[in-house]
J.: 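Below is one structure. I have some questions about it.
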Amino acid sequence: MPEISEYQELVSKFGFSENKVWFENADRNFENKEAIVGWLDQPSLVPFLGFVPDEMKKKFRDCVVDLVLADTAVADGKYFETFRRINLFAVK
C-alpha cells in the first residue's frame, strides 16, 4: 500500500486546493464463515465481477472465497481480516 505522503504529493501535484489524507485501521472480525462470505459477496467482490466474463464469475468468486477463508481462519470457526484503508478528501 502506498504511503500517505505519496497520496498527499499526488493530490497536491494536480492542484487540489484542499486535501486531507488519513490512515484507518479497519480490521474486521467475523463470527463465522457465513459472515465473511457475505462480506466478500457484498461489497468486496461487486466492483470486480463486472470485469469477469459471465461464464467465469462463479469460478472467480469461489476461488476468491476459498483463498480468503484459508488466509483468515482463526480459532473456533471465526475469521479475522486485516483491512487497512487510506482515505482521501480533496477539493478542486
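Fair warning: this is a prediction, and the values are worked out from it, not measured in the lab. Because only heavy atoms are used, hydrogens play no part in the values below, and waters and symmetry mates are left out as well, while side chains stay in.
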J.: I'd like to know if the side chain of Asn32 reaches the main chain of Glu34, judged simply by a donor and an acceptor atom lying under 3.5 Å from each other, with no hydrogens or angles considered.
T.: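 Side chain of Asn32 to backbone of Glu34, a donor-acceptor pair under 3.5 Å: yes, one is there.
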J.: Compare every heavy atom of Pro2 with every heavy atom of Ile86, then report the nearest pair and how far apart it is.
T.: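 Minimum heavy-atom contact is CD1-O, 3.1 Å.
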J.: Roughly how far, to the nearest 0.5 Å, is the CG atom of Leu88 from the CG atom of Leu10?
T.: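 Reported to 0.5 Å precision, the distance equals 9.0 Å.
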J.: How far apart are the closest heavy atoms of Ala90 and Val11, and which atoms are they?
T.: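 Distance-wise, the nearest heavy atoms are CB-CG1, 4.0 Å.
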J.: Do you reckon Val65 sits in the same ILVMFWY cluster as Met56, going by side-chain contacts under 4.5 Å, direct or chained?
T.: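 In one cluster with Val65: Met56, yes.
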J.: Hey, are Lys57 and Asp54 close enough for a salt bridge, meaning a charged N less than 4.0 Å from a carboxylate O?
T.: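 Judged by the 4.0 Å cut-off on N to carboxylate O distance, Lys57 and Asp54 do form a salt bridge.
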J.: Contact between Phe80 and Asn29 at the side-chain level, heavy atoms closer than 4.5 Å - yes or no?
T.: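 Side-chain contact under 4.5 Å: yes.
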J.: Looking only at heavy atoms, which two atoms of Lys92 and Gly15 are closest? And how far apart?
T.: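 Looking at all heavy atoms of both residues, the shortest contact is CD-O, 4.2 Å.
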J.: Do Tyr79 and Val68 have side chains that get closer than 4.5 Å, going by heavy atoms?
T.: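 Tyr79 vs Val68: side chains apart.
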J.: Parallel, tilted or perpendicular: which describes the rings of Trp39 and Phe30, with under 30° parallel and over 60° perpendicular?
T.: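 Tilted: the ring planes of Trp39 and Phe30 meet at 30° to 60°.
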J.: Test of understanding: clusters of I, L, V, M, F, W, Y form through side-chain heavy atoms closer than 4.5 Å, transitively. Do Ile4 and Phe83 belong to the same one?
T.: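 No, separate clusters.
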J.: Identify the residue among Glu3, Glu9, Gln8 that makes a side-chain contact (heavy atoms from CB on, under 4.5 Å) with Val21.
T.: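 Considering Glu3, Glu9, Gln8, a side-chain contact (heavy atoms from CB on, under 4.5 Å) with Val21 is found only for Gln8.
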J.: Can you confirm whether more than 12 heavy atoms, excluding those of Asp62, are under 6.0 Å from its CG atom?
T.: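 Yes.
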J.: Show, in sequence, the C-alpha distance, side-chain angles and deciding distance for Tyr7 and Asn19, and conclude whether the side chain to side chain contact (heavy atoms under 4.5 Å, CB included) test is met.
T.: CA-CA 10 Å; Tyr7 278 98; Asn19 69 73; over 6 Å; no
J.: How long is the gap from CG on Asp71 to CD on Glu81, to the nearest 0.5 Å?
T.: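 The CG atom of Asp71 sits 7.0 Å away from the CD atom of Glu81.
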J.: Could you check if a side-chain atom of Arg84 sits within less than 4.5 angstrom of a side-chain atom of Asn25, using non-hydrogen atoms only?
T.: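 Counting from C-beta outward, Arg84 and Asn25 do come under 4.5 Å.
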